[in-house]
2 protein chains.
Amino acid sequence: MRRQSTAADGQRRATVTDVARRAGVSTATVSRVLNRNYPVAEATRERVESAMRELGYVVNAHARALAGVSNRTVGIIVNEVIDPFYAYIARGVEREAALGGRLCLVCCTQGDPQRELAFIDLMHERRADAVVVVGGSIADRGYTSELARRARELDAGGSKLVLCGRPPLGEAAPTAAVEYDNEGGAFAITDHLLMQGHERILYLGGPPKLSTTRDRLAGHRRALELRGIAIDPELSQPGAFSRNFGYRRMAELLRDGPEFTAVFAANDVVAAGAAQALEEAGLRVPKDISLVGYDDIPVAQELRPRLTTVHVPLEEMGRQAVRLAVSGGDEDDWREPTTGALRLGTHIVVRDSVAPRAGRASRM
Amino acid sequence: MRRQSTAADGQRRATVTDVARRAGVSTATVSRVLNRNYPVAEATRERVESAMRELGYVVNAHARALAGVSNRTVGIIVNEVIDPFYAYIARGVEREAALGGRLCLVCCTQGDPQRELAFIDLMHERRADAVVVVGGSIADRGYTSELARRARELDAGGSKLVLCGRPPLGEAAPTAAVEYDNEGGAFAITDHLLMQGHERILYLGGPPKLSTTRDRLAGHRRALELRGIAIDPELSQPGAFSRNFGYRRMAELLRDGPEFTAVFAANDVVAAGAAQALEEAGLRVPKDISLVGYDDIPVAQELRPRLTTVHVPLEEMGRQAVRLAVSGGDEDDWREPTTGALRLGTHIVVRDSVAPRAGRASRM
DNA sequence: ATGAAAGCGCTAACAG
DNA sequence: CTGTTAGCGCTTTCAT
């Protein structure tokens, strides 16, 4: 049987009604002191406030949301919270959300697109003001249309799907987007290597079909072509974004791969793995082989030599993602265009892992 | 004027009522197919399901929560999501929550206890099944009682406050707790240093009043005393948990501090900073000075030499925190004791940053 | 197997 | 300045 609201029930939480009764006022008045959005006599307010305190009253956010107030929540969906790339973006989202008095729902997909879709649904059910999906995606027909559908559903309800660090969904999908100049960063750091005389550069890591990898590889190749350097398919070794992949594949290639004088790791984590393999093979960075990464997460400064890499404004991306999505919360009369997009810049940060190519090939 | 529920309103979201009307059934039936917890005729179910699809219906979690269903949410409050110590615990919480079909609210206090209290309130308002507060705390009278009050409020509403990696609040506060053997880990690693002949060990970093620091220092001292080594206050240099602190203080002490042959950094991050200072001072680890850390986060394996440290089962702590708090969700008749506690073990992991003390003092 | 209707706790007209 | 009251969208008896 459904529990009746007998006042004698110790387990039941106090409600506005209880507070109102105790303070000898109406629920409307209680609501008013709760929201401080309407004048209430000083004496009344105090009575209500002590009633709340005595009863241990805590407002019910669900009832409030149901009654028409925004529930002040933004959702963020990442691969992995312990991966600094995602963690920094998450931090930006969380901070910006907190600034607006919002709480942050966080989910990890562990790389599973299905889980991502399911999480979007869960957040939609919770009526999040915005849901931010972070990181590269693979261009799958079915998946993309599922995502687009959710973007529409969310939009229809006044929420927003924000794409953070991934390509747009196409015209039909109302989304907001924050990107970073991924291709440009890859171009710049490749050019940096080129300027030091490296012509045989190994590109290592990153899931081959992921948009992130495609963009980085594109920038890399553009730089090569611009200098008139032929592209050797053997020097393109995508795979995964893990330290382990960097380590293993590097070791293999050192044993029986093509020659190269520099390595462009798809990200800093892969670079860390590669660095270890290089170290174990007795090769010195940068004397024997130059090494660069991407993302500029803290490990880049911890490696020895410190890693030259591409800085990505991760935290700022997170902040902008929520700003883009919830900025319209205040202005009522003028609807922003449904699709806002933003592209942040990247730049290389030169540290100690690149040196001019040695006179002779470093490997043979 | 309040928007009326005219069916012609394009912006309005579909509700059970809309679905019911469209499918030619009652809202009760819609609810039944939604929850699949009650028999519904196959044909009816299909009609309802297509109605939902056609309308783009998405259940409203708030309405559902209001109507008496758990909202399946757990909250976690940490200092900083980008700090691996917290990130790993958060990952455990998230994964365990996801296993139970729950979503995770995450907040960062940036070290401010006031913010922590405020976030607990926000999560309580959201009726989170559990709220996990992570990391050491400082023993402040007022703060502790505020926390205890919230523990009681939460408990009164059937939720739970979970202390993760911090000392209990005292008898009066109904909480669950997951600790790790902090003192024991510090004891063990100090003893490890002692076994290598080190007697002058610098303890570096960690906020002096934080419970975490106190416990680590206590274990450290117990090990020293057990070997009959007098405690030199000058060798105790707490301060902060940052890389920067480790770097700076280490550099200062190298310039004009006491003599020591080993450094026990309060955590791995501090150790990374100290390692850099040592490196810049031309001292070799472990030949000249031995160095150990605490936590065993990834950076420990990235440092060169790789860092000997204390492993803390971070992710497992997170998992257990939610398990402890929401396990009682199924059994109805028997209430668990309101205060569950759990203490997980720690152990040292020996890598390359410790060597036997050199014959002569390494510094002078 | 299905429907009618009573809440769940709160907010916001509207009326004093 | 304060009270009355009608929902918000869903679940759940209780009937049928």
Side-chain angles (χ1 to χ4, degrees), chain A residues 1-7 9 11-21 23-48 52 55-72 124-127 157-158, chain B residues 1-7 9 11-21 23-48 52 55-72 124-127 157-158:
Chain A
M1 188 193 56
R2 177 75 150 283
R3 164 181 294 142
Q4 269 315 106
S5 314
T6 51
D9 187 346
Q11 184 65 315
R12 206 179 117 275
R13 302 186 202 230
T15 71
V16 274
T17 310
D18 300 325
V19 175
R21 182 164 36 230
V25 300
S26 73
T27 62
T29 301
V30 175
S31 176
R32 286 176 192 124
V33 345
L34 226 36
N35 297 300
R36 350 185 138 276
N37 57 357
Y38 217 80
V40 171
E42 188 54 27
T44 313
R45 143 164 292 117
E46 276 170 16
R47 247 181 318 132
V48 172
M52 299 204 289
L55 260 29
Y57 172 76
V58 177
V59 65
N60 183 325
H62 300 297
R64 188 178 257 180
L66 194 54
V69 176
S70 156
N71 58 320
R72 307 246 118 199
H124 188 173
E125 290 179 6
R126 254 104 160 159
R127 301 297 187 257
Chain B
M1 188 191 57
R2 179 74 151 284
R3 164 181 293 142
Q4 268 316 105
S5 313
T6 51
D9 189 333
Q11 183 66 311
R12 213 178 111 274
R13 303 187 200 230
T15 72
V16 275
T17 308
D18 300 325
V19 175
R21 183 164 35 233
V25 300
S26 73
T27 62
T29 300
V30 175
S31 175
R32 286 177 190 123
V33 346
L34 225 38
N35 297 298
R36 351 184 137 278
N37 57 357
Y38 216 80
V40 171
E42 189 54 28
T44 313
R45 143 164 291 117
E46 277 170 16
R47 248 182 316 132
V48 172
M52 297 203 291
L55 261 29
Y57 173 76
V58 177
V59 64
N60 183 323
H62 299 298
R64 188 177 255 180
L66 231 206
V69 176
S70 156
N71 58 321
R72 307 242 118 202
H124 189 174
E125 291 179 6
R126 253 96 160 167
R127 300 300 187 255

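Each chain gets a letter, A, B and so on, in the order the sequences are listed, and its residues count up from 1. Below, all heavy atoms of this structure are taken into account, side chains as well, without hydrogens, waters or symmetry copies.
Between B:Asn60 atom CG and C:dC10 atom C1' the separation is 14 Å, expressed in whole Å. D:dC10 atom P lies 11 Å from atom CE of B:Met52, rounded to whole Å. As rounded to whole Å, 12 Å separates atom C1' of C:dG9 from atom CZ of A:Arg13. Residue B:Tyr38 contributes atom OH, which lies 13 Å from atom C1' of D:dT11 at whole-angstrom precision. In this structure, A:Leu66 atom CG and C:dA12 atom P are separated by 13 Å, rounded to whole Å. B:Glu125 has its CD atom 10 Å from the P atom of C:dC10, to the nearest Å. Taking atom CZ on B:Arg64 and atom P on D:dT11, their separation rounds to 5 Å, with Å as the unit. If you measure from atom CG of A:Asp18 to atom P of C:dC8, you get 11 Å, rounded to the nearest angstrom.
Residue B:Ser31 is classed as a base contact, given a heavy-atom separation below 4.0 Å to a base. Residue B:Thr27 is in base contact, counting any heavy-atom pair closer than 4.0 Å across all strands shown. As judged by a 4.0 angstrom heavy-atom cut-off over every strand, B:Ala41 is placed among residues touching the sugar-phosphate backbone only. Residue A:Val25 is classed as a sugar-phosphate contact, given heavy-atom separations below 4.0 Å to backbone atoms only.
Atom CG of residue B:Leu66 and atom CZ of residue B:Arg64 lie 13.0 Å apart, to the nearest 0.5 angstrom. Here the CZ atom belonging to A:Arg21 is positioned 7.5 Å from the OG1 atom belonging to A:Thr15, to the nearest 0.5 angstrom.
Of the candidates D:dG3, C:dC10, D:dT11, the closest approach to any side-chain atom of B:Leu34 belongs to D:dT11.
Among all heavy-atom pairs drawn from A:Ala20 and A:Ser26, the shortest one is CB-C, 3.7 Å.
Within the 3.5 Å criterion, the main-chain N or O of B:Asn71 finds no donor-acceptor partner in the side chain of B:Arg126. For the pair A:Arg13 (side chain) and B:Gly157 (backbone), a donor-acceptor distance under 3.5 Å is present.
Within the 4.0 Å cut-off from OP1 or OP2 of C:dG3, at least one side-chain nitrogen or oxygen of B:Thr29 is found. Between B:Ser26 and C:dT2 there is no side-chain N or O to OP1 or OP2 distance below 4.0 Å. Contact annotation: A:Asn35 side-chain N/O to C:dT11 OP1/OP2 distance is under 4.0 Å. For B:Thr15, no side-chain nitrogen or oxygen approaches OP1 or OP2 of D:dC8 to under 4.0 Å.
Each of B:Ala63 and B:Arg45 was matched to the nucleotide of DNA chain C holding its nearest heavy atom; the match closer to the 5' end belongs to B:Arg45.
The base of D:dG3 lies close enough to the side chain of A:Arg32 for a donor and an acceptor atom to sit less than 3.5 Å apart.
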